[in-house]
Participant: 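Once you've had a glance at the structure underneath, I'll fire off some questions.
Because the structure is predicted, anything quoted here is derived from the model rather than measured.
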Amino acid sequence: RLIAVGLFLGTVLLVLAACFAIFIGGAVLTWLSDRLPYGTLLVQIWEWLQWPIALGLIASAFALLYRFGPAQRRPGTPLLPGALLSSVLWLGVSGLFKLYIANFGNFNQTYGSIGAVIVLLLWLQLSAAVMLFGEQFNCSLRRQQASPSL
């Protein structure tokens, strides 16, 4: 149970940090730019690094899940390739799902007020599929490294 609680807290902290980087970090640096020397340079650097930092935090959360989530972890299974792949895929899938919901999905008209819950559950299912794909990629890499080359 302690591992599950630690895994939950670590994942939540990393995801919150990524959300802060995307949604609030720019506003905070813009506010600080008036009070700091070279503030405008910091804002410009932040605009360049905001998304890579957020993706790195999400990849860290996925790697944390890949490392401590399974009941039995096989030694030699890499963490980083699947975590990076799944974080980039997660961003793409989330963006495409957002486009679908904005342009084609009429869940509120069809299902009423429960449409928001349905959209959330669909997004969570897509996110879980992407995370499983990343772990499967890691397992495939481990099998590839373990098998002798021809």
Participant: With a sphere of 6.0 Å drawn around CZ of Phe133, does it hold more than 12 non-hydrogen atoms of other residues, nucleotides or ligands?
Facilitator: no
Participant: Which side chain to side chain donor-acceptor pair (under 3.5 Å) pairs, counting each pair once, include a residue from residues 44-54, with sequence neighbours left out?
Facilitator: none
Participant: Can you tell me how far the CG atom of Leu132 sits from the CZ atom of Phe137, to the nearest 0.5 Å?
Facilitator: 15.0 Å
Participant: Could you measure the distance from the CG atom of Leu85 to the CG atom of Leu89? Nearest 0.5 Å is fine.
Facilitator: 4.5 Å
Participant: Inspect the surroundings of CD1 in Ile114 and state if more than 12 heavy atoms from other residues, nucleotides or ligands are less than 6.0 Å away.
Facilitator: no
Participant: Can you list every side chain to side chain donor-acceptor pair (under 3.5 Å) pair that touches residues 115-141, not counting sequence neighbours?
Facilitator: Trp90-Ser127, Ser94-Trp123
Participant: Val93 and Val130: which non-hydrogen atoms are nearest, and at how many Å?
Facilitator: CG2-CG2, 3.9 Å
Participant: Atom CZ in Phe20, atom CG in Leu57: separation rounded to 0.5 Å?
Facilitator: 11.5 Å
Participant: Examine Leu99 and Leu124 and state if one hydrophobic cluster contains both, with Ile, Leu, Val, Met, Phe, Trp and Tyr joined whenever side-chain heavy atoms are less than 4.5 Å apart.
Facilitator: no
Participant: Supply the atom-to-atom distance Ile101 CD1 to Leu122 CG, rounded to the nearest 0.5 angstrom.
Facilitator: 7.0 Å
Participant: Could you tell me which residues satisfy side chain to side chain donor-acceptor pair (under 3.5 Å) with Thr77, sequence neighbours excluded, listed by chain and number?
Facilitator: Arg142
Participant: Do Leu91 and Leu80 land in one hydrophobic cluster if side-chain heavy atoms of ILVMFWY residues count as linked below 4.5 Å?
Facilitator: no
Participant: I need the minimum non-hydrogen distance between Ser87 and Ala59, along with the two atoms involved.
Facilitator: OG-CB, 3.7 Å
Participant: Could you pull out all residues at least two apart from Arg143 that satisfy side chain to side chain donor-acceptor pair (under 3.5 Å)?
Facilitator: none
Participant: Find the distance between CG (Leu7) and CG (Leu64) and round it off to the nearest 0.5 Å.
Facilitator: 5.0 Å
Participant: Leu120, Leu96: one ILVMFWY side-chain cluster at the under-4.5 Å cut-off?
Facilitator: no
Participant: Which hydrophobic side chains are connected to Val5, either touching it within the sub-4.5 Å cutoff or through other members that do?
Facilitator: Phe8, Leu9, Val12, Leu16
Participant: Could you pull out all residues at least two apart from Ser86 that satisfy side chain to side chain donor-acceptor pair (under 3.5 Å)?
Facilitator: Tyr66
Participant: Would a hydrophobic clustering, with Ile, Leu, Val, Met, Phe, Trp and Tyr connected at side-chain separations under 4.5 Å, put Leu84 with Leu55?
Facilitator: no
Participant: Ignoring hydrogens, what is the shortest heavy-atom contact between Ser60 and Leu14? Give both atom names and the distance.
Facilitator: C-CD1, 3.7 Å
Participant: Determine whether Ile118 and Tyr100 fall in the same hydrophobic cluster, where Ile, Leu, Val, Met, Phe, Trp and Tyr are linked whenever their side-chain heavy atoms lie under 4.5 Å apart.
Facilitator: yes
